[in-house]
Amino acid sequence: MLWENLREEEFDKAIEVSGGLCIIPLGCLEKHGQHLPVGTDYFEAMSIVKQAAEREEAVVFPIGAWVGEVSCFHSFKDPGTARLRGCVGIKQEILLKILEEICDEIARNGFRKILIVNGHGGNSALLKHFLRCQTYENKPYATLVTSAFAYSEIDPRRLYGTVSARKGEFDYLTNEDMETLKRFSRTGTGGGHADIREASMVMAYDKSLVAQDRYDAECGESNHRTDYLSEIGVESANAWLANYPSSYCAYAPHGASETIGRAMTEICVERLAKILSLIKSDEDCVRSAQMLPKENPL
Ligand SMILES: [Zn+2]
C-alpha cells in the first residue's frame, strides 16, 4: 500500500493489516556512469519495496529520491568540471532532521514500526548515526534499518546457481542471459556502482532509462589513487571518488537485461518480504526501542 494512495478513513485499516509497519525506501540522486540515471538507487529500492509490500502488506512512505547522503559533492563547486551533474547533496545534519521529522510524523499517524530500506551504500554511515540519534529521545516507535539488496545472493555467480536450481520460476531468463551471468561469474562485477546488477535492475524498472550504448563512455575501473592510504588503514575524505572520478565502479555491464534485472529484483523482494513478515508480527522491537521489559504490554 502506498501512503499517498490511501484516503484518510483507510489509515486505521492500513495500520492494522500492516501490523503497524511503515517502510521508507531510501536512495539518492547521484551519477551512475553515463548509462544509468541519477535516481538509480531510489528506483531499485522503490521497486523492491513496492513488490515486497504487496506480498507482505505494509504501508510505503512517499519519500523523494533526493533524501540521500551524497554530501561530499558540496565541495565540487563546478559540477561541469567534475562531471557530476544531477547529484544533489543535502548536508548530513539536515538529512538527520528530515528523517527524524518524517519518522515522528509517521508515528503520530499511528504506526509503531518504521523500517528504512536503503538502496544507496553512501547512506549506510548516516543511517547508523541516525539510529543512534533516535535514542536521544525515547521515541514511542521502533526505528529499523535494512538494505534493499540481497547483495551476495544477486552476485552473478550465486544467481546463476539459484536460477539453475529453480528453473521453473525463472524460465523467462534467456540463453543469452545465462551466458551473461556465466561471464560475470568468472570476472566478478568489477564493483557495485553502475554495474551489471544495477543496470539490469533499472532495466527491469524501466528499460527506457538505461543508455545501453553508453556503457563504455567512461572507465569504471579504479585509478588506485588512494589505495596507499587504505592499505595502511587510513580513511580519507572523498577516497572513493578520487579512485573513481567518473562515479562509475564496475566492468561495463554488456549483456545487462530486463530479465536478469527481474530475477535479481525477485531475489531481493523475497528477502525483504521475509523481513517484513517477521517485523509485522514482532512487538518486542517497539519495546526494546524504549528499553521496556519484554513482556510489557504496549
Ligand atoms: Zn547505485
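Here the structure is a predicted model, which is why all the values come from computation and not from measurement. We count ligands from 1, going down the list as the structure has it; atoms in each ligand are counted the same way. Heavy atoms only: backbone and side chains are in, while hydrogens, waters and symmetry mates are out.
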Proximal heteroatom of Asp41 relative to the Zn ion (ligand 1) (N/O/S) = OD1

Considering only N, O or S atoms of His32, the one closest to the Zn ion (ligand 1) = NE2

The single option from Asp155, Thr265, Thr189 that satisfies side-chain hydrogen bond (donor to acceptor under 3.5 Å, both in side chains) with Arg197 is Thr189

Name whichever N, O or S atom of Glu198 ends up nearest to the Zn ion (ligand 1).
-> OE2

Any idea how Trp3 and Phe11 line up, ring-wise: parallel (<30°), tilted (30 to 60°), or perpendicular (>60°)?
-> perpendicular

Do the side-chain N and O atoms of Tyr172 and Glu258 include a donor-acceptor pair separated by under 3.5 angstrom?
-> no

Examine the side chains of Asp195 and Tyr248 and answer whether a donor and an acceptor come within less than 3.5 Å of each other.
-> no

